[in-house]
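Report on one structure; see the data block that follows.
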Amino acid sequence: MASIINSLSFKNFFNYYGDYDQTEYEFKEGVNIIVADNGAGKSKFFNAFLWLFYDDVLDSDDKKRKAVKDFAVKIISDKAKNETEIGENVETGIKIEYSTGRYKFQIVKSFTATRIGEKISDNESWQVVMNDIEIDKTDHILPKYKPVYDADEKHRIINQLILPTLRQYSFFQGEEVDKMIDFTKKSSIEDAVRTLTNISKYEDIAKIVEDIEAKAYKDLNKQTKQKESHNERLEDALKKREELKNSINQENEKLEIQKELYTKAQEEYELLDAKYANASKRKELDEKISIKNKTLKSASDEYQRFLEGINNRFFDGNFSWITLGFENVVEDFKNKISTFRAARYEKRTLLQVAESPNDYFTILPSNSPDAVTLQQMIDKEHCYVCGTDAPKGSEPYNHLLKLKNRPNESSSKKQFVKNDLEDFFSRLQLNASPFLNKFDSIPQSVLRTKERELELKKRLDKLSSEVKALKSQRKDLLVTSNQDEDSDPRNIINQYKGSSNRMAQASTKIERLENTLKELKAQLLATEKEITSLRPKDIPEGYSANYEIAQDLVEATNKAKERVFDKMVSLLENHANEHFQNLIKYNDIKGGVLNFDKSPSGGISLDYIDEAGNEVSGASEGFQRMKKFAVVMAIISANTSNYNYPLLADAPLSAFGKAFNKGFFEAIPNVFPQSIILVKDLYDKDSESKLTDLGAKLVKDENIQTFYLNEVDGELAQIERTTKIERRK
């Protein structure tokens, strides 16, 4: 009967704070799901079984397994440690209950820690004692637990949950799927086949008959020397046989070296397969990002220049934005400058008249001669008023001229204020003149400028979004292929091509060596026949027959072993395709099949090909992992009996994607009697239900037996954090 886990509970185990009854999961036969975000207990759950099977836990800091006895202080819940006073102790443990048909077992693994120091996180502050493992057993007929004391029986009960030889197929974290089977190594495939078949018996038989053949040949030669003291042709034939044997051994050694080189190149090729596609895409993205960044910088510079130029438009006569709202000020200025100038002229005239009234008043006293009479007086050089002569050039003559010309003479200007602002207002009018005809066009100019600013900003935002999208794609490629940020995609591409070239070179050499071996073996067979014909006739027949039978047995056993291997690989291929089609049911990569093709090194090349035999692209990490998981399921289902062990998987879906996940949950019940899947991909912190759409559907799916949601309050300090377990189904 299958092993079915009924429950798992914790006591002060990492973030699982409290006693066993406070942190318990109950499970059923079929699919059980535990959904949790990072840090919410998935790996800690997985650690319970690592402790049970191997006395180890996984350190989440460096991703390395540590012995529980050396890591105990970190395993204890921080909240429990903080609540433990100096001199008091705290117990940490796990409790697992599982059934196998008639019997039910309860296993408790724990340790006790006594606090002896102040700092709760220091190993020196605690004294740890590992408790004896407690195992109780009962049956369903008389359900009363009885303790198991025998150490060997305890060990058997633990191993019975999942056999050690099958744990690699039934107990793993997501990335370990890639390590379950190394298709590049024949030994890895043989290990899987050996797990499911009796091929190891053929290997044992092959070794026995090879020893028998060697002994039979030795006995035959001993009889030959006794019966034939000297036969030059026979001695030459025997010598040639040894030389051929040595040549075959040497060529086999060369062949193994080339197979090893091929295997290493294939391992690198397989490792880089997903990275190559990503690196090529990444290189393409890098080039696009580089071009886009240049365009973005140009657009950013243009935008900045535009923004900086807006300020100049206030003072540039072509735009004259500074005059916006000053339309009435111009008319007001005209009125004020007119008033100013009138007052200015009036003040200046009054000042000058006061200083030289005769220069400004042209009306002579009454009875004074008029202008015509003055001209006659000048012409005749005689004053009619006083009767005095006024010869030309004399003072009276000049006086007459002055009287006649007085309206045309102007006195020199005199400054009548310290600064009359004449130059200031003149310059103001001159400089303002380009702005005066722009009033009507300014609103439209501002509108066009705003539209241009929005246009440039929109272009800048669009380019920024495009760069961000390209970088996001690049980041996704880095995540899915585990590449470093600084790794040069050209190096990956070159490494990929280099491994491909080395595979081709090794394959050519392997083919050449195999042809050489065929020729040598043909020569050896001919030499063997020659030796048989040259042996003395009186050798007892039993020695020759014994050697010939041994030879036939070696050949038959090796062929049988190869036949069993090939048959099992063919069976695995059929089962793998059946499972793979179920896994990819909801994906858009239909139309092909998995093909197991023998590589030159004896390993398996696992390809996804279409009906025409062409390889179907799909180099993503999720796709590659799904192919390998299909083979893992095939290894299990290809067994003639039902698989009797649960699947315990931590984050197996991290690289699958939504469609793969859906197919995964539908496919696994066909292989595993029970599965407990820890997954974060169904968690959505922004959703009201804390689940993705697929998670919400799976809660209602009748094929899902239990559904748990783990949450940790990240707002609390570490010493206050606990894992909240909510059963949704």
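Being a predicted model, the structure only gives us computed values, none of them experimental.
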By side chain to side chain donor-acceptor pair (under 3.5 Å), which residues pair with [X], not counting sequence neighbours?
{"X": "E555", "answer": "K559"}
{"X": "E528", "answer": "R241, Y547"}
{"X": "K240", "answer": "none"}
{"X": "N710", "answer": "Y16, Y25"}

Please list, chain by chain and in numerical order, all residues satisfying side-chain contact (heavy atoms from CB on, under 4.5 Å) with K64, sequence neighbours excluded.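 Applying side-chain contact (heavy atoms from CB on, under 4.5 Å) to K64 gives D62, K66.
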Taking the side chain as everything from C-beta on, heavy atoms only, tell me whether [X] gets closer than 4.5 Å to [Y].
{"X": "V35", "Y": "L698", "answer": "no"}
{"X": "K264", "Y": "E260", "answer": "yes"}
{"X": "M633", "Y": "L583", "answer": "yes"}
{"X": "I162", "Y": "F49", "answer": "no"}
{"X": "L553", "Y": "E213", "answer": "no"}
{"X": "N159", "Y": "R167", "answer": "yes"}
{"X": "I212", "Y": "V554", "answer": "no"}

Self-check item: Stepwise side-chain contact (heavy atoms from CB on, under 4.5 Å) test for Q674 and I5
Solution: CA-CA 8 Å; Q674 182 188 41; I5 298 173; 3.6 Å; yes
How many angstroms lie between atom [atom1] of [X] and atom [atom2] of [Y], to the nearest 0.5 angstrom?
{"X": "D59", "Y": "K74", "atom1": "CG", "atom2": "NZ", "value": "5.0 Å"}
{"X": "L58", "Y": "F71", "atom1": "CG", "atom2": "CZ", "value": "8.5 Å"}
{"X": "Q551", "Y": "Y217", "atom1": "CD", "atom2": "OH", "value": "9.5 Å"}
{"X": "L678", "Y": "F45", "atom1": "CG", "atom2": "CZ", "value": "5.5 Å"}
{"X": "D684", "Y": "L694", "atom1": "CG", "atom2": "CG", "value": "12.0 Å"}
{"X": "L220", "Y": "I531", "atom1": "CG", "atom2": "CD1", "value": "9.5 Å"}

(request) Step by step, work out the side-chain contact (heavy atoms from CB on, under 4.5 Å) result for K207 and D211. (result) CA-CA 6 Å; K207 189 175 185 305; D211 292 339; 3.9 Å; yes
- Among pairs that include at least one residue of residues 43-52, which meet salt bridge (charged side-chain N to carboxylate O under 4.0 Å, His left out), considering only residues two or more places apart or in two chains?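 Passing the test, one end in residues 43-52: no pairs.
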Which residue pairs satisfy the salt bridge (charged side-chain N to carboxylate O under 4.0 Å, His left out) criterion with at least one member in residues 500-513, sequence neighbours excluded?
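Matches after skipping sequence neighbours: E268-R502.
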What are the two closest heavy atoms between [X] and [Y], and how far apart are they?
{"X": "V31", "Y": "N703", "result": "CB-O, 3.8 Å"}
{"X": "I75", "Y": "V68", "result": "CD1-CG1, 3.8 Å"}
{"X": "R65", "Y": "D56", "result": "NH2-OD2, 3.5 Å"}
{"X": "H579", "Y": "A634", "result": "CD2-N, 3.6 Å"}
{"X": "A576", "Y": "L594", "result": "O-CD1, 3.9 Å"}
{"X": "G695", "Y": "L682", "result": "N-CD2, 3.9 Å"}

- Query: Do the charged groups of K518 and E514 touch, with an N to O distance under 4.0 Å?
  - Reply: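 Salt bridge between K518 and E514, a charged N being under 4.0 Å from a carboxylate O: no.
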Whether [X] side chain and [Y] backbone form a donor-acceptor pair below 3.5 Å:
{"X": "T527", "Y": "Q523", "value": "yes"}
{"X": "N644", "Y": "S3", "value": "no"}
{"X": "S300", "Y": "L296", "value": "no"}
{"X": "T263", "Y": "K259", "value": "yes"}

Under the rule for ring pair (Phe, Tyr, Trp, His ring centres under 6.0 Å), what residues qualify as partners of Y645, not counting sequence neighbours?
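Partners of Y645 under the ring pair (Phe, Tyr, Trp, His ring centres under 6.0 Å) test: Y643.
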Self-check item: Any residue meeting ring pair (Phe, Tyr, Trp, His ring centres under 6.0 Å) with F53, in chain and number order, not counting sequence neighbours
Solution: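 Ring pair (Phe, Tyr, Trp, His ring centres under 6.0 Å) list for F53, sorted by chain: F171.
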The criterion is salt bridge (charged side-chain N to carboxylate O under 4.0 Å, His left out); which residues satisfy it with K215, sequence neighbours excluded?
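Counting only residues at least two positions away or on another chain, K215 forms a salt bridge (charged side-chain N to carboxylate O under 4.0 Å, His left out) with D219.
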Legend entry - Under the salt bridge (charged side-chain N to carboxylate O under 4.0 Å, His left out) test, residues paired with D566 that sit two or more places apart: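 Expected list: K598.
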Practice problem: Step by step, work out the side-chain contact (heavy atoms from CB on, under 4.5 Å) result for L647 and V671. | Solution: CA-CA 9 Å; L647 169 66; V671 176; over 6 Å; no
Without placing hydrogens or testing angles, list every side-chain donor-acceptor pair under 3.5 Å for residues 248-258, not counting sequence neighbours.
{"residue": "N249", "atom": "ND2", "partner": "K245", "partner atom": "O", "Å": "3.3"}
{"residue": "E251", "atom": "OE2", "partner": "K254", "partner atom": "NZ", "Å": "3.3"}
{"residue": "N252", "atom": "ND2", "partner": "I248", "partner atom": "O", "Å": "3.2"}

